Structures are given as structure tokens and as C-alpha cells.
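I have placed the structure first, in the form of C-alpha cells, so that the comments after it can refer back to it.
Everything numeric in this text was worked out from a predicted model, so none of it was measured.
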Amino acid sequence: MVAETAEGGELVDEGRPLFVQIAEEIESSVLDGSLQEGERAPSTNELAAFHRINPATAAKGINLLVDRGILIKRRGLGMFVAERAAERLRAERRQRFADHYLTPMLAEARHIGLQVETVIELLRERAQQSTDHE
């Protein structure tokens with residue numbers, strides 16, 4: 001279920017905590033380059049006002065990123081994107097991708113008797129099909 005929580009059609013997934021969604025929104029901005037290394041991130045109050053949520057919820061999302069080294073606090077100035085934050089995020093997502101998709105896929109492949117080389121070939125075929133349909 002999805003609910004509108006901010007003006008301008010910003011949608012929030014009701015199935016996940018808001019603070020996690022706030023953190024993911026900032027992560028996406030870092031990854032797509034709209035928030036650059038060293039740039040000031042939105043403040044707790046800005047996020048709270050935009051999403052019409054409690055500032056404590058926004059702060060919890062920001063603190064997730066601070067704890068992971070994606071954002072850094074500069075006393076009296078706010079939160080800023082840490083050096084190599086995008087690189088860290090890509091590494092985390094690669095690991096999560098491997099854990100959630102590749103490990104179960106390889107376990108299933110072993111279960112049905114597929115060799116790794118066959119799985120790689122199947123991936124190449126699907127990737128080519130995907131490219132052909134774009």
C-alpha cells in the first residue's frame with residue numbers, strides 16, 4: 001500500500017518505516033549525483049516539513065546514514081555527504097544484491113544440477129534479450 005505524504009505527489013511506502021525511506025531517499029540522491037560529495041544534505045527540519053513527518057523520524061533516517069559513514073555532521077553547519085559516500089553505497093548494494101539474489105540463485109542452480117558456467121550463459125542470454133527489447 002502506498003500513501004501520499006507530501007505535496008507534489010511524493011509517495012511513501014506504508015509497508016516500511018518512514019525513517020528507512022528517508023535514508024533511502026538520501027542514498028538515491030547520492031547515487032544519482034544530485035547530492036555530491038561534500039554537499040550539504042537536507043536538514044531534519046527540511047525533510048520533516050517536506051514529508052509532513054515528525055522531525056524525530058527524519059533525524060532517525062539521517063542518523064542511519066551518519067552511522068554508516070554516508071553523511072557526516074559538521075557542528076553548527078548541518079549534515080554533509082561524506083567523502084566516497086557513493087562508492088560506499090555501491091559496495092553495500094553490490095553485497096546486498098549478491099546476498100539476496102545471487103546466493104539463492106546459485107543454491108537453486110546446484111539443487112537442479114546446473115553448473116556455474118551454465119548459469120553464467122543463461123545470464124548472458126537474458127541480458128542480451130533485455131538489451132534487444134529496449
Could you walk me through whether R93 and L31 pass side chain to side chain contact (heavy atoms under 4.5 Å, CB included), step by step?
CA-CA 11 Å; R93 289 196 178 183; L31 286 170; 3.3 Å; yes
Backbone of [Y] reached by a side-chain donor or acceptor of [X] within 3.5 Å:
X	Y	value
T103	A98	yes
T131	A127	yes
E37	E83	no

Hydrophobic clusters here meaning ILVMFWY residues chained together by side-chain heavy-atom distances under 4.5 Å, can you tell me if [X] and [Y] are in one?
X	Y	value
F97	M105	yes
L77	I62	no
F80	I22	no
V30	V66	yes

Quiz question: by atom type and distance under 3.5 Å, do the side chains of S34 and D32 form a donor-acceptor pair?
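Side chains of S34 and D32: pair found under 3.5 Å.
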Would you say H51 and E25 are linked by a side-chain donor-acceptor pair, where the criterion is simply a distance under 3.5 Å?
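H51 and E25 do have a side-chain donor-acceptor pair below 3.5 Å.
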If you define the side chain from C-beta out and look only at heavy atoms, does anything of [X] sit under 4.5 Å from [Y]?
X	Y	value
T57	N54	yes
I26	L47	yes
S28	L35	no

Please give me the minimum heavy-atom distance between [X] and [Y], naming the atom from each residue.
X	Y	answer
A41	L71	CB-CD2, 3.9 Å
R88	A82	NH1-CB, 4.0 Å
G61	A23	O-CB, 3.6 Å

Gap between atom [atom2] of [Y] and atom [atom1] of [X] - 0.5 Å precision:
X	Y	atom1	atom2	result
Q129	R124	CD	CZ	14.5 Å
M79	T44	CE	OG1	6.0 Å
L123	T118	CG	OG1	11.0 Å
I70	E87	CD1	CD	10.5 Å
Q115	I120	CD	CD1	11.0 Å
L64	E24	CG	CD	9.5 Å

Is R40 paired with E46 through a side-chain N to carboxylate O contact shorter than 4.0 Å?
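Looking at E46 and R40, the cut-off is met.
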K73 and N63: side chain to side chain contact (heavy atoms under 4.5 Å, CB included), yes or no, with the steps?
CA-CA 10 Å; K73 294 180 184 181; N63 286 331; 3.9 Å; yes
Under the salt bridge (Lys or Arg N to Asp or Glu O under 4.0 Å) criterion, do R68 and E27 qualify, and how do the steps go?
CA-CA 11 Å; R68 290 173 35 221; E27 284 180 11; 2.7 Å; yes
